[in-house]
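See below for the structure under consideration.
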Amino acid sequence: MTKISILGCGWLGLPLAKKLIENGNSVKGSTTSENKLSILENAGINPFLVKLESESISENITIFLAESEILIIDIPPKLRAENTDSEKKVFVEKIKNLIPFIEKSAVKKVLFVSSTSVYGDDNEFITEETIPNPETESGKQLFLVENLLQENQNFETTILRFGGLIGENRHPVKFLSGKENLENPDAPINLIHLKDCISVIEEIVNQSKWNEVFNAVAPFHPTRSAYYTQKAVEMNLTLPKFSSEKSNIKKVISSEKIENTLNYRFHLEEY
């Protein structure tokens with residue numbers, strides 16, 4: 001039995017925790033909402049209320065990390081373009097504040113859930129060897145945090161860069177439905193389903209693949225216009241309408257490393 005702490009039991013963290021428990025692991029899970037503590041407890045998770053700020057952290061962080069061998073960090077930057085310069089630095093400062101507590105704990109393995117937004121749109125075929133060039137503020141913060149964690153010699157860190165997240169009532173087509181003149185009609189999609197998110201993390205833990213960087217995107221890259229039109233039809237939504245202008249973005253994110261290193265096969269039927 002492996003003892004695991006999951007910082008952030010939200011859309012991904014909660015079902016992930018349930019699956020890890022099902023596999024015989026002991027899981028502590030954190031939330032920032034008191035209302036969710038009972039939900040975590042009812043799922044068999046040892047619940048903790050942890051609020052991570054740039055200048056402070058909940059006192060129970062020490063107990064949350066105590067005895068755990070693995071820490072999974074799954075908290076989004078929540079950054080927007082209109083954030084002030086001081087707000088933009090918050091995510092990195094939060095992780096800087098967390099790191100000393102990891103160093104003092106029994107945690108020796110860290111899995112950081114990142115995003116393929118660390119890559120710019122100027123590349124056409126992206127692998128883990130591609131040098132990140134984030135264009136969004138969120139991508140920039142994630143890349144800084146990746147480096148902070150990987151450079152620390154007190155624990156081993158694996159970075160998991162997810163593509164666009166779908167599944168469990170979460171799908172971009174719901175946002176695009178009915179909109180007009182949408183850009184980049186022939187840009188390829190780079191998505192990953194919740195089921196694959198969970199399964200990939202399971203394999204990293206089970207196979208002890210640490211000190212690695214993985215891009216986790218399904219090997220399925222139809223154009224935006226073709227894919228989202230089809231999904232709108234399947235979900236009985238108003239069709240999105242795309243611009244007739246050709247896309248400059250040709251970015252395809254390769255999943256070859258994750259398929260070969262983990263011997264992993266994606267659940268393509270979910271897409």
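Computed from a predicted structure; not experimentally measured.
The two residues Leu262 and Glu203 come nearest to each other via the heavy atoms CD1-CB, 4.1 Å. Between Gly139 and Val118, the closest heavy-atom pair is O-CG1, 3.7 Å. Minimum interatomic distance between Leu65 and Val107 (heavy atoms only, all atoms of both residues): O-CG2, 4.2 Å. When all heavy atoms of Glu212 and Gln150 are compared, the pair lying nearest together is O-NE2, 4.0 Å. Contact detail for Ala232 and Leu239: the closest heavy-atom pair is CB-CD2, 3.7 Å. Taking both residues in full, the closest heavy atoms of Pro47 and Leu37 are given as CB-O, 3.6 Å, listed atom of the first, atom of the second, then distance.
Under the 4.0 Å criterion applied to side-chain N and carboxylate O atoms, Glu69 and Lys3 are not assigned as salt-bridge partners. We find that Glu128 and Lys257 are not joined by a salt bridge, their nearest charged nitrogen and carboxylate oxygen being 4.0 Å or further apart.
Listed by chain and residue number, nothing satisfies the side chain to side chain donor-acceptor pair (under 3.5 Å) test with Glu135 (two or more places apart in sequence, or in another chain). Residues satisfying the side-chain contact (heavy atoms from CB on, under 4.5 Å) criterion with Thr136, sequence neighbours excluded, are Ser117, Ser138.
Contact check for Arg170 versus Leu165: side-chain heavy atoms found under the 4.5 Å cut-off. The shortest distance between side-chain heavy atoms of Pro172 and Ile166 falls below 4.5 Å. Using a 4.5 Å heavy-atom cutoff, the side chains of Asn97 and Glu55 are not in contact. Between Val145 and Lys96, every side-chain heavy-atom pair lies at or beyond the 4.5 Å cut-off.
Panel note: side chain Ser58, backbone Lys51; a donor-acceptor pair is recorded below 3.5 Å. Arg161 places no side-chain N or O within donor-acceptor distance of the main-chain N or O of Val217, the cut-off being under 3.5 Å. No side-chain donor-acceptor contact under 3.5 Å links Asn215 to the backbone of Ile253.
Geometric assessment of Lys104 against the ring of Phe101 yields a positive cation-pi assignment under the 6.0 Å and 45° thresholds.
Residue pairs meeting the ring pair (Phe, Tyr, Trp, His ring centres under 6.0 Å) criterion with at least one member in residues 154-174, sequence neighbours excluded, are His171-Tyr227.
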Item to complete: Mind running side chain to side chain contact (heavy atoms under 4.5 Å, CB included) on Ile126 and Lys251 for me, showing each step along the way?
Response: CA-CA 7 Å; Ile126 292 174; Lys251 182 166 72 173; 3.2 Å; yes
